[in-house]
Amino acid sequence: MLSLALWLVGPILESALLVRALQIGSLRRYKFFYLYVTWVFVRDLSLFPIYRFRADYYVSAYWYSQFLSVLLGCGVVWEVYRLTLSRYSGVARMARNVLAFVFILSASRILANAWNDANWLPAKTAFDAERDLRVVQITVLSGLIVLLAYYAIPTERNLKGIMLGYAAFLATSVGHLSLRTSLGHAFPEFWQYLQPAAYISVLLVWCGSLWHRAPVPESDETTGLEEDYQSLLAATRRRLAAAGDYVERSVRP
């Protein structure tokens with residue numbers, strides 16, 4: 001009964017989030033986030049009848065759909081970076097390039113491991129993909145939170161709620177997946193209730209922070225973030241130029 005209750009509360013809160021977004025007009029600003037919520041809502045409603053009436057297909061359906069959830073989660077992280085750093089063009093451009101490189105590299109590694117595995121199993125590949133990509137997501141998102149705190153970059157309440165809620169969700173997911181990997185069959189049964197309960201808590205955070213559309217803070221040019229980035233970029237270019245000159249002198253007859 002507890003598992004069923006947790007399963008039912010999720011779609012109710014997700015639908016409330018989506019309906020409220022339509023009412024206050026926030027869908028356009030947070031496209032990837034609401035696309036993620038929409039997909040999770042559709043997935044939850046689809047998996048329930050499969051579990052009840054075709055349980056033999058449930059595991060495959062769960063892991064195939066979970067892989068898409070993880071990919072959409074990468075889009076949420078990218079959107080958070082884009083919106084929080086939109087006033088700092090140089091930093092935002094570098095962040096987008098680094099994120100794209102990291103996500104593509106992680107996905108390529110997962111696919112390569114699956115391709116070279118003689119005993120390839122779709123569920124195991126999806127499990128490994130979720131674990132590895134969730135770790136990447138929480139690492140880069142934690143880095144952004146530290147950056148925002150260090151430079152005191154103003155962030156609107158809606159975006160802050162998305163970011164902190166998703167970071168909490170990632171933390172519980174990584175803990176859950178890591179325990180499953182290390183404990184195997186000894187995995188504690190209570191985690192099957194703890195993780196859905198944690199996700200319900202995250203949905204409540206999102207509902208609270210996104211129920212009203214918050215104003216975007218005024219641009220603050222005194223943070224020093226863009227200046228530090230430009231200084232770092234100039235120093236890197238000088239060092240590369242010096243290294244190039246050294247190599248050229250070394251090979252010159």
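We use all heavy atoms of the structure for the numbers below, so side chains are in, but hydrogens, waters and symmetry mates are not. Everything numeric here is computed off the predicted structure, so don't read it as measured data.
For Ala198 against Thr172, the heavy-atom pair with the smallest separation is CB-CG2, 3.8 Å. Nearest heavy-atom pair, Gln137 versus Gly73, reported as atom, atom and distance to 0.1 Å: NE2-C, 3.7 Å. Nearest approach of Ala167 to Ile138, heavy atoms of both residues: O-CD1, 4.0 Å. What you find for Asn158 and Ala214 is that their closest heavy atoms are OD1-N, 2.9 Å. The two residues Ser65 and Arg43 come nearest to each other via the heavy atoms OG-NE, 2.8 Å. When all heavy atoms of Gly10 and Leu203 are compared, the pair lying nearest together is O-CD1, 3.7 Å.
More than 12 heavy atoms of other residues, nucleotides or ligands sit less than 6.0 Å from atom OH of Tyr62.
Interatomic distance, Arg157 CZ to Ile162 CD1, rounded to the nearest 0.5 Å: 11.5 Å. Rounding to the nearest 0.5 Å gives a distance of 6.0 Å between OH of Tyr36 and OG of Ser69. The structure places CG of Leu159 at 9.0 Å from CG of Leu210, a figure rounded to the nearest 0.5 Å. The line from CD1 of Ile12 to SG of Cys207 is 11.0 Å long, rounded to the nearest 0.5 Å. Note that the CD1 atom of Ile153 and the CG atom of Leu144 stand 7.5 Å from one another [nearest 0.5 Å]. We find the CG-CD distance between Leu71 and Gln66 to be 10.5 Å, quoted to the nearest 0.5 Å.
The backbone N or O of Leu8 sits nowhere less than 3.5 Å from a side-chain atom of Asp44 that would complete a donor-acceptor pair. Using modelled atom types, no side-chain atom of Glu130 and backbone atom of Val70 make a donor-acceptor pair closer than 3.5 Å. With Arg213 contributing its side chain and Gly25 its backbone, the two residues share a donor-acceptor pair below 3.5 Å.
Geometrically, Arg28 does not engage Tyr34 in a cation-pi contact, judged by NZ or CZ lying under 6.0 Å from the ring centre and within 45° of the ring axis.
By the rule that hydrophobic residues join a cluster once side-chain heavy atoms approach within less than 4.5 Å of another member, Leu83 and Ile24 end up as members of separate clusters. Both Tyr150 and Met163 are part of a single hydrophobic cluster, where members link through side-chain heavy atoms under 4.5 Å apart. In terms of hydrophobic clustering, with Ile, Leu, Val, Met, Phe, Trp and Tyr side chains grouped at heavy-atom distances under 4.5 Å, Leu164 and Phe32 are assigned to a common cluster. Under a hydrophobic-cluster definition in which Ile, Leu, Val, Met, Phe, Trp and Tyr are linked whenever side-chain heavy atoms come within less than 4.5 Å, directly or via other members, Leu204 and Tyr199 are assigned to the same cluster. Cluster annotation: Leu27 and Val40 are assigned to the same hydrophobic cluster (Ile/Leu/Val/Met/Phe/Trp/Tyr, side-chain heavy-atom contacts under 4.5 Å, transitive).
For the pairing with Tyr58, the ring pair (Phe, Tyr, Trp, His ring centres under 6.0 Å) check across Tyr51, Phe48, Phe53 returns one residue only, Tyr51. Among the candidates Tyr166, Trp78, Trp206, the single residue satisfying the ring pair (Phe, Tyr, Trp, His ring centres under 6.0 Å) test with Phe33 is Trp206.
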Audit row: Arg87, Val216, side-chain contact (heavy atoms from CB on, under 4.5 Å) steps and yes/no: CA-CA 11 Å; Arg87 295 184 291 267; Val216 178; 4.2 Å; yes

side-chain contact (heavy atoms from CB on, under 4.5 Å) evaluation trace for Phe41 with Leu17: CA-CA 10 Å; Phe41 173 71; Leu17 261 177; over 6 Å; no

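Looking only at side-chain heavy atoms (C-beta outward), Leu147 and Thr84 stay at 4.5 Å or farther from each other.
There is no side-chain donor-acceptor pair under 3.5 Å between Arg134 and Ser173.
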